[in-house]
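Here is the structure we will look at.
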Amino acid sequence: MAQMECTKCNLPMEKGKVTITYLESSFPVELLRCPQCGLVYIPEDLAVGKMLQVEKTLEDK
Amino acid sequence: MEQRELRELENKCIQEEPPWCTAACPVHVDVRAFNKEIGKGNLATAFKILAKAVVFPRIIGHICDHPCESRCKRNEIDAPVSIHELEKYCVKNADAKKRPLPVKQSESRVAVVGGGLCGLTAAVELAKRGYGVTVYEGAPAVGGRLLQLPEEVLPEDVLQGELEILDVLGIETVCNKKIGTGQEVQELRDEYDALFVALPNSPDLDLTPIDKLTLATPLDGVFARGDTAAEAASYIHGVAQGKKAATSIVRYLQGVSLEAERDKEGPYETRLYTNVEGVETVPPVEAQDPVGGYAPAEAEAEARRCMQCECLECVKACEYLKAFGSYPRVYLREIYNNEAIVMGYRAANTLINSCSLCGLCGEVCPNDLDMGEVIKKSREGMVAREKMPPSAHDFPLTDMNFSNSPHFALMKNAPGTDSSRYMFFPGCQLCASMPAYVELAYAYLRNTLPNVGLSLGCCGAPADWVGQRELFNKARETFLEKLKAFGSPTLILACSSCHDIFRQYYPDLAVISLWQIYDQYGIPAENLLELKEKLAVHDACAARHEDAQQEAIRSLLAKLKLDFQELEYSKDKTTCCGFGGLMTFANREVAIQAIDRRIKESPAPYLVYCAMCKDRFSWRAKETYHILDLIYGGIHEGDPAGLHTKENIGFSQKRENRARLKEKMLKELWGEEMVETGTQYPYELEIEPEARRKMEDRLILKDDILKVIHQAETTGNKMLNKDTGHYFAYYKPVAVTYWVEYSVVDNIYHIHNVYSHRMVIGEG
């Protein structure tokens, strides 16, 4: 896992539960986030992989 | 889609119609499947196919008079498949299988008068369904004509072996009992629940008239053969009559309609279409041993002569129809079901959104079924019900909105004039990828014709294609409202799709293609491209019925003294470049298949007259020239890359080109400054090639990247990857969240990666 730091808060980002939403469906996901400001990091492979898949499925619902 | 409409459309797709052999067969043996199995050496399966249609497959296999062969499609090429020889081979060599026993027993009893092939067939069919059957035969044994056949035609052991089923099924046979009068028939009828008189031509029995469809006679519960003397001479007809009688008796005893759904019994004309063009001749296989019949290798070779007749004309012509693994009749049902779903998964969304709407299927279909028309309607329904997947067409529709925004849209009289007799409408795609030619073409038009105005914008084709009627109508109304101030000029068009849209939705406007103007008034000679190669002409799918455009292009090529060839699919049968219907956005993989197939039709560089065609072909590295490249490409002398014949221009550049073109023309021709210049960001970007490629694949514009950086740099909301020293930031301008991975060196923003998603971070 990449060493990510929130440059605004100067804090290392930590794993935490984040909710992501699409077309009125919400999912809890474990992602890196800033413990202070809540900025979230979504890596490329997640965005163009699993997330894209879920998006397509929800769009066909 | 209404169910009635579905039925009408399904009826047009004849792929599921039987082949000629099966339709000609009185009992509809699936000859095509039979041949296929023999061809593969699967005798047991082939035998089962035969046994499904006839209750005495080994008898019929030996003696069938095979009306199928005279209707075999191979008659049009060389000689029919020797179906009967294959049958014989099959029944002689296939392993015997145990016959199934009846599953239920009925109280009803049926008498069959006549123990020939017809009567016995009816008896077996009825006994298999559990009825008690008694066969009355005037001769000392059942078998009728079969008993007289010579050994080499029907061996005695085969006949007797087949007749064993009578005992197995418990069929009673009463021989030496002739039923020869109407009185005797009546007496039998009183004794049994139903009766079948399986004697051909029995005037003494006073049963006429016999209903041809059901074999019913005026006597309740009495059925009789109704075939002509000629038909009765045919064994297979006799079998068909026996089966027909059994069906009627079952229905009679069950108290259901005798007539319903019986029009396809017996031989009939199939509606199937099979194209035999280009089918190679293959001489029929003769058996080395004419008496013993085919050896296995001979039979298999002969069976493989079967063309496996089917239609699939559209599927053969279209990569999209092929990609989903089936054919329109099946797709129609899937589309219908997709529309009917209220809650649940809409499995056909991708099918519906992947079509280019090019109309080629309708051109090659023997019944003119145009799937594009069906699909366009379906898309309109999806949009109306708010069930269109948001991601499918977001990018091109946003692009259309940009083109009709003040960033690009414009309508003006020619400089120094106050009215327009003509209005040049070059279209958004030409302005995006070849803006310099637009300026030159407009200059030519002003020099050639009086009062030529200029109109920049999008014709609305993207909205039309994807079913966004409201959006389309709005764009149309805006355009017409603006045009009012210009009188009713003739539109000069440089894009086949625009042409198609104007013809369809603006029937009151006069339109002409730019190519016709060049053809009529002369080609400007100043910037001609020096080209020696022979070109292949690709007609735009939107111009498939536009003879004037097609002819003008060919005439221009001749005037330019350029050698050219026609492609296999051209003019009214041309194929889509992959842009039509926005397939390239909704289904990239299928679009690539369609483009790659088209560009491989000829190794010659292609000549196109639609900017989208050039864009899609060059995207797949096909050397492609637009007609304007030939006329104005000389301006790229010393810079052949400027022709972009093998590499297309990215989406960001296209958008920028449009805005710049408007700005430049406004300034140079009318001395006006552009009011809407958009937000200018103070970041100099250096985009890595891999990131550039991803921008195109993922439909991310330079403008999107600038917005992400701007938001990160002004708010400080960004992350640092400590391993690489790269920043990550994201921003969601409307519906899509864009991510940029970047680093800053000497005030230059190096873009390492870009990606996006539509899911929203947070509760949404």
Chain A contact via Tyr345(B) - side chain, backbone, both or neither, heavy atoms under 4.5 Å
both
If you tally heavy-atom pairs under 4.5 Å against chain B, which of Met13(A), Lys56(A), Glu5(A) wins?
Glu5(A)
Heavy-atom distance under 4.5 Å to chain B: side chain of Val54(A), backbone, both or neither?
side chain
Most contacts with chain A, counted as non-hydrogen pairs under 4.5 angstrom, among Met343(B), His757(B), Met388(B):
His757(B)
Most heavy-atom pairs under 4.5 angstrom with chain A, which of Asn349(B), Thr715(B), Leu720(B)?
Leu720(B)
Nearest heavy-atom contact between Ile375(B) and Cys355(B) is CD1-CB, 3.7 Å
Portion of Ile42(A) that has a non-hydrogen atom of chain B nearer than 4.5 angstrom
both
So which part of Pro43(A) gets closer than 4.5 Å to some heavy atom of chain B, the side chain, the backbone, both or neither?
backbone
With a 4.5 angstrom heavy-atom cut-off, could you sort out which part of Ser756(B) is near chain A: side chain, backbone, both or neither?
backbone
Would the number of heavy atoms belonging to other residues, nucleotides or ligands and lying under 6.0 Å from NZ of Lys61(A) be above 12?
no
Criterion side chain to side chain contact (heavy atoms under 4.5 Å, CB included) on Met4(A) and Lys722(B), from CA distance to verdict
CA-CA 6 Å; Met4(A) 298 292 282; Lys722(B) 304 267 275 185; over 6 Å; no
For a quick check under 3.5 Å, do His726(B) and Glu741(B) share a side-chain donor-acceptor pair by atom type?
yes
Flag yes if more than 12 heavy atoms outside Lys376(B) fall under 6.0 Å of its NZ atom; otherwise flag no.
yes
Within 45° of the six-membered ring axis of Tyr731(B) and under 6.0 Å from that ring's centre, is NZ or CZ of Lys707(B) located there?
no
Residue Glu470(B) excluded, over 12 heavy atoms near CD under 6.0 Å
no
Answer with yes or no whether the side chains of Ser391(B) and Glu59(A) bring together a donor and an acceptor at under 3.5 Å.
yes
Other residues, nucleotides and ligands only: do more than 12 of their heavy atoms fall within 6.0 Å of NZ on Lys8(A)?
yes
Any chance CG of Asn10(A) has more than 12 other-residue heavy atoms, nucleotides or ligands included, within less than 6.0 Å?
yes
Which portion of Val18(A) sits near chain B, non-hydrogen atoms under 4.5 angstrom:
side chain
Going by residue number, which parts of residues 332-340 of chain B are within reach of chain A, meaning a heavy-atom gap below 4.5 Å?
none
